[in-house]
Structures are given as structure tokens and as C-alpha cells.
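Below is one structure, written out as C-alpha cells, with a few remarks after it.
Here is how names work: the chains are called A, B, and so on, in the same order as the sequence lines, proteins then strands, and each is numbered from 1.
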There are 2 protein chains.
Amino acid sequence: MSSKNEIPVNERAGIRQVAELAGVGIASVSRVLSGQPGVSKKMTERVLQAAEQLNYTPNVLAQSLRRRSTKSIGFVCSDITNPLLASIVSGAESVLAAAGYSLLLTNSGGMPEMDAEHIDVLQQRQVDGLILLPSLENDAATLHALRKSAMPLVVIDRTLPDDVNANRVLSDHYLGVGAAARALLQQGHRRIGLIVGRDVRPTRERIRAVRDAYLAYDAAPDYLIETGILSIGHGERAMARLLALPWPPTAVILGGNQLLEGALKIISQRKLTLGRDFSLVCCDDVALSRLFSPPIATVMRDNILLGKRAAQLLLGQLDSPHESEEVLLPTWFENRGSCGPVAPARNTPDV
Amino acid sequence: MSSKNEIPVNERAGIRQVAELAGVGIASVSRVLSGQPGVSKKMTERVLQAAEQLNYTPNVLAQSLRRRSTKSIGFVCSDITNPLLASIVSGAESVLAAAGYSLLLTNSGGMPEMDAEHIDVLQQRQVDGLILLPSLENDAATLHALRKSAMPLVVIDRTLPDDVNANRVLSDHYLGVGAAARALLQQGHRRIGLIVGRDVRPTRERIRAVRDAYLAYDAAPDYLIETGILSIGHGERAMARLLALPWPPTAVILGGNQLLEGALKIISQRKLTLGRDFSLVCCDDVALSRLFSPPIATVMRDNILLGKRAAQLLLGQLDSPHESEEVLLPTWFENRGSCGPVAPARNTPDV
DNA sequence: TTGAAAGCGATACCAA
DNA sequence: TTGGTATCGCTTTCAA
């Protein structure tokens, strides 16, 4: 009862009003506006004009209820704050929006236990499909939520158990990290540290890449692996641990952009000069990292493309459901000043 | 007709099935499950048990259609790829999710002309409210879309015309930039460059802050303003232009985190040492910027809080509509090594 | 080619 | 306190 506004609120016109104004049946309006075949030209015109005149836009809710499709996609994201994920989301959104789909975003903020709940919420909202970038691969609650929902699904950079029946968009971490490891070995490093996150596909691939690089160089497997939960703190602590070893690594590969800040902190505390005293490679680009002196060598990938492909895969499945697919996208190593030949003195144990 | 799966797909139970199983009326089921008063204990139990047994979850679409509320909020975002915005979104999402609202995200990817369209889409999807972080303040199409939608609205860091009737969550840029400018003036800088974005509130406030700082120091207004569209390229070009002036600035304030990378690029090309040859302040935190040597002085704010407040404001308006509100959140200057006393030789014109 | 009418799955009024 | 029923706005058979 707002007496403030004398003009009656412009009630939204419904299909009924349009039909009435056009002097036709309600069904015809529906047909015209949803572009169905078998409508006369005259009818089309009348309806279109009436709709225009009433400024009619169909009620998406009612449409969805009948059609059993919401034209919306859920994106379950572990941490939108990470620019890597933000780029992926952005890529996905652009493709989805272009196809008339809206994106429902949930954010776990690094709390894996929220993923399952978010999946449930999205399923209740009847999204047509799901894009998933979970923190874990084996969280029971998450898997349970996925199995019971049984909707078209694309996971990014994760391999879930087969019975979940997910499409995948994966980055070929083996490629880029392998190149990085070989570059380091080439420069004489024989003690490489690898700081990684939890046991998910990217982590496993990165470890495999380093191991195989050592094999290719016929080098004793003297690499060191630090696992943990990707974060600045993990980067800091793991780096500190590695440097405190009796036989510390001469180079480190960071398996995640979240680690760089922490690692750099320790390196600068120890007054190590990158590229001379110590070599560093980071996986995934970080803003400003190439403006550092020296610039940080990085394993790159096209994040936007990752998101786009995920969306395309999903749309494809919605369009014509078929067996789950897998897309593998490359990563590549960009060597920069932070990598240099091993400092001779540090290449052997401090006996 | 998937012959693969012999077990019939678990058809979703509706309220009807629940009512039937519980042997009660459909209306009672609704009452119980939506927690309405005036239901007997016995009824509650029977319904709850039946619902449980059928694994019933209400159809959100049907609910929304009737209730005329979707429990969803639209977020129109100019560029989710910017960590600043990602943090804001993340803050908003957490508050909204906790209140049972879902977030529909659209991303303009820096194309202001998409904002209006996105607002329309979200309105058609009947979101209960909108959070808006548009690139522009005066885009005709955007304003038109907002006016005709007339739904509860919160804009972040923008002031739209009054007739749009938007709630606001603003950062007090004047505060932090003022402190930064005074710190520079204090160190003897009299020629300060200010690189900013388009004509939106933050830009105006930053300019005002610098002007007033000069006034406070009784200094001639010899500051320089470079406007443009926030981007790495703008940072680069504007910085190059400033340094090429006959009487170049001895310090620059960057009015946006997108500018830092470009500005630093030019500074390092010119072989200027920050804090000694040249002073630099950036508005909004950038990853790694405090690990630079020297660390970049920054005008800080709490991005997550910004998003949270926006969501809270919106929820408050949905709960009990009242006059539009405005929230002002602080920014503050963190002085770091990139600022130093002016290099005497550069403090006057190169006659 | 067109229109009447039966749902989609809930909510809410009204009568019992 | 409960249940029947109209309704939300649309899609989609079915007959005409």
C-alpha cells in the first residue's frame, strides 16, 4: 500500500493478457513466441505486436516448470578468490551466457565439506548441469551427492570414480612440469623440491612428471616432495622445511599458484638470489610474477579456455546425451630468470 | 530408453506422493514442510516421516512460481577475473548462501554494453534482488534496465542517479588516497601523477583526495591526472606519458590494481629504482606486491567485507523494504618501500 | 492452423 | 486443525 506512488505498479503482463489483446488463443501465443512451426504469418504478426505493446516477456519460472529445464548451470567452485578459478569461471560463463544459460555460482571458500551441500542446493534448483572444481576427489559426501543427482556433469582437473560418470576437462600437467623438471636437470640440478597440494590429479601428474624426468636423465631419484593444502602458509612452511634439510634442494617446483607468495617470502628471508643461488618454478601464472627480478619461470596454461571447454562439453551433453568425454588441454613451461644453473657448492650433501 | 539401467529411474517424489503416503491432504504437507503454525504434532510427524521415506525435496521452481520469490540474487560483475571483484563476489556469496539465497553471476568481461542485457536476463529470471558493480555510472541502457526492473538493488562503489533508487556500499577512497598523497607531499613530492580509470565515484574521490592534500599543504596544484580505462595497457601508456613530460612527476598514485603491472613495466624499463628515483602507490592490493623489492605502498580495503555488506544490505531490504541506505567502508594507506623522499634533482622543471 | 483444457508442483484461501 | 480447490504462467496434447 505505497501511497507514495500514485501510479499503479506496472503489473507484468502474462501470456493471457497477450492472447486477449491479440484476440487469439493462449496456445497460439505460446507457439509464436517459442518459435514453433505451423503458425500462420498473420497470427505471428498479431501476437508479436501485442507482445511488443504489452512489453511482454515470458515467465521463465513457469516455462522451466513445464519444460523441465531451467536453462541454468551450477558451478561448484572451491575458491573463486583464486584468479585461476576466476578465469575458469569467466570462460565458462561467457560460453554459457552466449547459449542462453545462466550461471549459478557457489563457493566453498576452501572448505571441501561444503561442496556436497552446494551440489544438493543446485540440484534442488534444478540446474540442467553442473561444472565442478572440487578441492577433493574422494570426499564421500560429495560423491554421494553427485551419484544421487545423476545430472550431466563436467569436472575440471579432477578424476572422480568411474561410477560418478563425469565428463572431464583436464590440464596436461605432466607436459609442463616435465619440461620444467628437464630444464632444471639440464642445468645441473639433481636435488629438486616439489611442493604440492592434496592428492588430486594435478598433484599426481606433477609428481609423475618429475619422476619421469629424473628417469630420462638417468639420475638418482633425489627429488623431494612436500604435500599439504595449497595456501600461502603451506608454501612458506614447506619451503622453510626444504631449505633446512641437511641436503637441501637447489631448485623447487611449486605445484600451485597459492604457494608462490609463501615460498618467495622464505627465499627473500634467506637472502637467496633466484636464478643464482636457487631456482624456482611456479605452476600457474601469478600476477606480477614476470615483473619480479628475476621473473618467475612458470608452467602456464590457458585458464579461460579451460572454462570454455568445460561449458562446451556440458552444453554438448545437454544437447545430445552421449558417453562421457574427456578433454585434455596442454600446459607449457616458460623458462625465466628464476631458473639458472645449479650453484656448484650446493649440489651435494653438506656432509 | 536406456536399456543400460534396468532399475527404473527414481522418479522424483512430489508433494502429492507424500500426501498420499501419509494419508493426509496435500495442503497439510505444504504446511508442515514450510513450517507454518497451526499443525498438530501428530500431523507433523506423519508428514515428516512420509517425506523422509520418499526422499522428498520440494520443487523450488513450483515454490518460486507461487511464492513469487526465487530466493536468488543476481550479481552483475564487470570482470570476475579481477581478484578485487572475485573477493567481493566471494564475500557476497557467503552471506547469501547462509541465508538460503543462491547467486546468479554474470560477467561483462569489461564490456559495459553487456551490463544492461545481463540485468534484463536476471530480471527475467526473477531474482529477488541485484548486486551491481558496473563499469559505468551513466550508461543509458543500464540505467534504463534498472529503472524498468525496479527491484531491490545494491550498487558497489558507484553512485547512480537518484531516480534509480539504489542502495550503496561505498569505499571511502578519499581517506586512503588522501593519506597516501599527504605522505608523498610530506616527503617533498610536489609533482604527483594520478593515473585513474573512467569517471566513476572512486576516480572522482581519488582526484578530490589529491587536490585536497595539496590544499592542506598549501602547495600549488601541480599534480597530473591521467584518465583512461583501467587495464595494464592504460597503466603502461599513462606512466610512459607522465615520465616523458618535460616536468615529470616524482611520484605516481595508481587508481586501480589493473594499472600496476603496466606501470611497473615502464618503471623497470626506465631503470628507475622505486623509493629512491621514483615513488609509487597502488590502490587495492595486488598479489605479490608486498614481496617486491621494494614492496609497493598500497591503499588497502577489505574486499570480502565489501561483498558481505552488499549482501547484508540487500537481504535487509528484502526482509523489510525501506528507504535506500548507504554504507561507507574505510580504506587505508599502507606505506611501504616504494615511497621515499623526493630525489632533489627531479623536483623542479627541467627548464 | 487454431483453441480449449489438462497438467507442471507447489501455496493459500475458504469451508468444514 | 484439516482438506478441497483455485491459482501461479506457461507448454502441450487433442479436437475442431
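- Residue contacts shown for B/Ile26 include a base, since a base heavy atom lies under 4.0 Å away.
- Residue A/Lys41 contributes atom NZ, which lies 14 Å from atom P of C/dT2 at whole-angstrom precision.
- Rounded to an integer number of Å, the gap from CZ of B/Arg68 to C1' of C/dT11 is 12 Å.
- Between B/Ser30 and C/dA10 there is no side-chain N or O to OP1 or OP2 distance below 4.0 Å.
- Of the candidate nucleotides C/dT2, C/dA10, C/dC8, C/dT2 has the atom lying nearest to any side-chain atom of A/Val39.
- In this structure, A/Met43 places its CE atom 8 Å from C1' of C/dG3, rounding to the nearest Å.
- In this structure, A/Val127 and A/Thr70 approach most closely via the heavy-atom pair CA-OG1, 3.6 Å.
- Here C/dG9 presents its P atom at 15 Å from CD of A/Gln124, a figure rounded to the nearest Å.
- A donor-acceptor contact closer than 3.5 angstrom links the side chains of B/Arg309 and B/Gln312.
- Residue B/Gln63 has a polar side-chain atom (N or O) positioned under 4.0 Å from OP1 or OP2 of C/dT11.
- Across the protein-nucleic acid pair, B/Arg67 atom CZ and C/dC13 atom C1' stand 16 Å apart, rounded to whole Å.
- Judged purely by distance below 3.5 Å, without hydrogens or angles, the side chains of A/Ser324 and A/Asn167 never pair a donor atom with an acceptor atom.
- With B/Arg125 as reference, A/Ser102 is the one residue of A/Ser72, A/Ser64, A/Ser102 to meet the side-chain hydrogen bond (donor to acceptor under 3.5 Å, both in side chains) rule.
- A nucleotide of DNA chain D counts as in contact with chain B when one of its atoms lies under 4.0 Å from a heavy atom; the first and last such, 5' to 3', are D/dT1 to D/dG9.
- Across B/Asn165, B/Leu314, B/Val164, B/Ile119, a single residue satisfies side chain to side chain contact (heavy atoms under 4.5 Å, CB included) together with B/Leu153, and that is B/Val164.
- Residue-level contact check: A/Ser40 touches the backbone only, with heavy atoms under 4.0 Å from sugar-phosphate atoms and none from bases.
- Both B/Arg66 and B/Thr44 sit near DNA chain D, but only B/Thr44 has its closest nucleotide nearer the 5' end.
- Note on A/Arg31: a base of the nucleic acid sits closer than 4.0 angstrom, heavy atoms only.
- Look at CD1 on A/Ile15: it is 17 Å from P on C/dA6, rounded to the nearest Å.
- Following rounding to the nearest Å, A/Leu65 (CG) and C/dA10 (P) show an atom-to-atom distance of 9 Å.
- Residue B/Ser28 is the one, among B/Ser28 and A/Thr57, whose nearest nucleotide of DNA chain D lies closer to the 5' end (criterion: closest heavy atom).
- A donor-acceptor pair is defined here as one N or O able to donate and one able to accept, closer than 3.5 Å; such a pair exists between the side chain of A/Arg12 and the backbone of A/Thr57.
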- Task: Could you walk me through whether A/Thr44 and A/Arg31 pass the side-chain contact (heavy atoms from CB on, under 4.5 Å) test, one step at a time?
- Result: CA-CA 9 Å; A/Thr44 307; A/Arg31 284 191 198 101; over 6 Å; no
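- The CD atom of A/Glu20 sits 16 Å away from the C1' atom of C/dA4 (whole-angstrom rounding).
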